[in-house]
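See structure below.
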Protein chains: 2
Amino acid sequence: MGERRRRRPTKSGVVLSEDVIIECAVRLIGHHGAEALTVRRLGAALGCDPTAVYRYFRGTDDLLLAIADFLIGETLAGYRPGPDWVASLRELGLRVRDGHLRHPRVATVAAARVTRRHNEFRAVELGVSLLLSAGFSPADAARYYHVFIDTVLAHAALEASYAALAPEVREADDRAWEETYRRLPATDYPAIGAVRPHLGAGMSGSPFEDVLDLLLESLARRV
Amino acid sequence: MGERRRRRPTKSGVVLSEDVIIECAVRLIGHHGAEALTVRRLGAALGCDPTAVYRYFRGTDDLLLAIADFLIGETLAGYRPGPDWVASLRELGLRVRDGHLRHPRVATVAAARVTRRHNEFRAVELGVSLLLSAGFSPADAARYYHVFIDTVLAHAALEASYAALAPEVREADDRAWEETYRRLPATDYPAIGAVRPHLGAGMSGSPFEDVLDLLLESLARRV
DNA sequence: AGAATTACGTCAATGGTGTTGACGTAAGGT
DNA sequence: ACCTTACGTCAACACCATTGACGTAATTCT
């Protein structure tokens, strides 16, 4: 993939480029759901032959990684840490999670393979400097940054892979908490029976903020 | 899907059952990767027509849930909670993580799902009863069970997806991580520079136990 | 014991997917 | 105005999940 390209307009008049393709792919995922990102549909949305994409990316995987890089930049755009390190870390965590949820299918792939580029360096620098400013020793700052970012990424990836499920599958899983668990006999499952009224509301929701707050609370106590 | 079945041996002489299919699928995923689990390959491995699987499972998703539940059962086998609820939850968390790491490729696909099957019921019953015995109200027990199990599953899935990478990819990843961060200029990234000697050690290890302990510590304080 | 029923393994077919290789045209440098 | 070649197009391939029809063998009923 050389630096200079001769661009020929497609049949429908669009001039392709890596950026045009990435933006179109992101739009496709955001508008029509995660499963809409197929080479054929991407070609249709771009107004070109599906295989034209292979002139710019080696394959689906390569394209997904490129999109992931785009996503990281989007996540960090406009973030400014404040004076309170707990609040700042909290917002950083929420931002990472939002970015993952906005493009869940990309997130599930990017979580497995960590793409180390400029924007990730910025995130590490931010998190570590916040912990240092909190008063942690360099050793503890490194250790707890690891704890913090892994927890955030792990939960974000888990939520993302859930959000990446086909809508009907996801709804069936949600309904399972409401219906299946409500019908379990209290004789076989006494604890579930005792907790039953509270099962549906909390279970299908996300514990992300609870987890984040519990973690930051523990960190604040250890500083 | 009735209770009793008339089993007819396949062309190659194998007698099918749900368990036979699930075990074969787990073996297939463990040996050739999650993407190797297709109906056709499963049929080939079983020695039957691919569509015979549809006599036992409604579709791919149903089969996947059964596999996930099989994994939970394996994880729970032999587990007995002790008198100390914190220690019991800790061991439960470690067991879940071990189970996921033992079948990383299954885990990456299954972690975010609700299996709606027997073994999952057992796990929920266990966790909730431990939190109830700790003194939490039913509402808090349900809420914090969700917090606990999601944290454990999220970290386990993240570690599993890392473990599922091809060895050469994983090693290349580690090397890139060490080298990349060593070369980052301290002028642009002062915090990373200050923490550098501690960064490598923390990154190669897992923060799972740190996270687990921090979480249980917070829970114990809230009871 | 023999007939009836039906579970279930098999086959054929449909419409989706990613990816490859050949082809020709139009764009850009000279 | 050439010549080169980038790249959009097309056809084809190999796979995928899933469905419906079909026949047979295994159980069940009389």
Side-chain angles (χ1 to χ4, degrees), chain A residues 1-22 24-25 28-29 32-67 105-106 108-109 164-170 172, chain B residues 1-22 24-25 28-29 32-67 105 109-110 113:
Chain A
M1 300 287 159
E3 203 55 39
R4 331 199 120 247
R5 295 178 178 282
R6 293 185 219 169
R7 309 252 157 80
R8 186 189 345 183
T10 70
K11 247 182 171 179
S12 67
V14 186
V15 176
L16 296 178
S17 70
E18 292 194 7
D19 289 343
V20 166
I21 295 176
I22 289 176
C24 182
L28 212 55
I29 294 177
H32 286 88
E35 67 284 354
L37 185 62
T38 72
V39 180
R40 288 173 213 282
R41 266 193 276 254
L42 186 54
L46 283 165
C48 69
D49 189 275
T51 61
V53 172
Y54 289 91
R55 299 285 167 197
Y56 296 86
F57 302 95
R58 258 168 294 153
T60 309
D61 231 48
D62 195 31
L63 173 62
L64 278 171
L65 288 181
I67 296 171
R105 187 179 171 188
V106 180
T108 52
V109 179
L165 296 174
E168 69 273 12
V169 174
R170 193 168 58 245
Chain B
M1 300 285 159
E3 202 54 40
R4 330 198 121 247
R5 296 181 177 281
R6 296 182 217 170
R7 308 254 157 78
R8 188 193 338 186
T10 71
K11 245 181 173 178
S12 67
V14 186
V15 176
L16 296 179
S17 71
E18 291 195 7
D19 289 343
V20 166
I21 294 176
I22 288 174
C24 183
L28 212 54
I29 293 178
H32 290 97
E35 66 282 355
L37 183 62
T38 71
V39 180
R40 288 169 211 279
R41 267 194 276 255
L42 188 54
L46 282 165
C48 68
D49 188 275
T51 61
V53 172
Y54 289 94
R55 299 284 168 200
Y56 296 87
F57 301 96
R58 257 168 295 154
T60 309
D61 192 65
D62 195 33
L63 173 61
L64 189 69
L65 291 182
I67 295 171
R105 305 182 132 140
V109 188
R113 303 303 311 276

Fill in the blank from the handout: Nucleotide by nucleotide, nucleotides 15-20 of chain C touches protein heavy atoms under 4.0 Å in the pattern (B base, S sugar-phosphate only, - none) --BBBB
Could you check how far [atom1] of [X] sits from [atom2] of [N], rounded to whole Å?
X: Glu18(A); N: dC7(D); atom1: CD; atom2: C1'; answer: 14 Å
X: Arg55(B); N: dG20(D); atom1: CZ; atom2: P; answer: 11 Å
X: Asp49(A); N: dA11(D); atom1: CG; atom2: C1'; answer: 10 Å
X: Ile21(A); N: dG8(D); atom1: CD1; atom2: C1'; answer: 11 Å
X: Leu42(B); N: dT10(C); atom1: CG; atom2: C1'; answer: 16 Å

Practice task
Any chance you could lay out the side chain to side chain donor-acceptor pair (under 3.5 Å) test for Thr51(B) and Asp49(B), step after step, and finish with the verdict?
Solution key: CA-CA 6 Å; Thr51(B) 61; Asp49(B) 188 275; 2.6 Å; yes
Exercise for the section: Would you please name every residue forming a side chain to side chain donor-acceptor pair (under 3.5 Å) with Asp62(A), sequence neighbours left out? Expected result: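 Not a single residue meets the side chain to side chain donor-acceptor pair (under 3.5 Å) criterion with Asp62(A).
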Less than 4.5 Å apart, side chain to side chain, heavy atoms only: is that true for [X] and [Y]?
X: Val14(A); Y: Leu46(A); answer: no
X: Leu65(B); Y: Phe57(B); answer: no
X: Leu42(B); Y: Leu63(B); answer: yes

Practice task
Determine: side-chain N/O of Tyr56(B) to OP1/OP2 of dG9(C), distance under 4.0 Å, yes or no.
Solution key: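 So the side-chain polar atoms of Tyr56(B) do come within 4.0 Å of the phosphate oxygens OP1 or OP2 of dG9(C), strictly under.
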Problem - Derivation and outcome, side chain to side chain contact (heavy atoms under 4.5 Å, CB included), residues Thr60(B) and Leu37(B) - result: CA-CA 9 Å; Thr60(B) 309; Leu37(B) 183 62; 5.9 Å; no
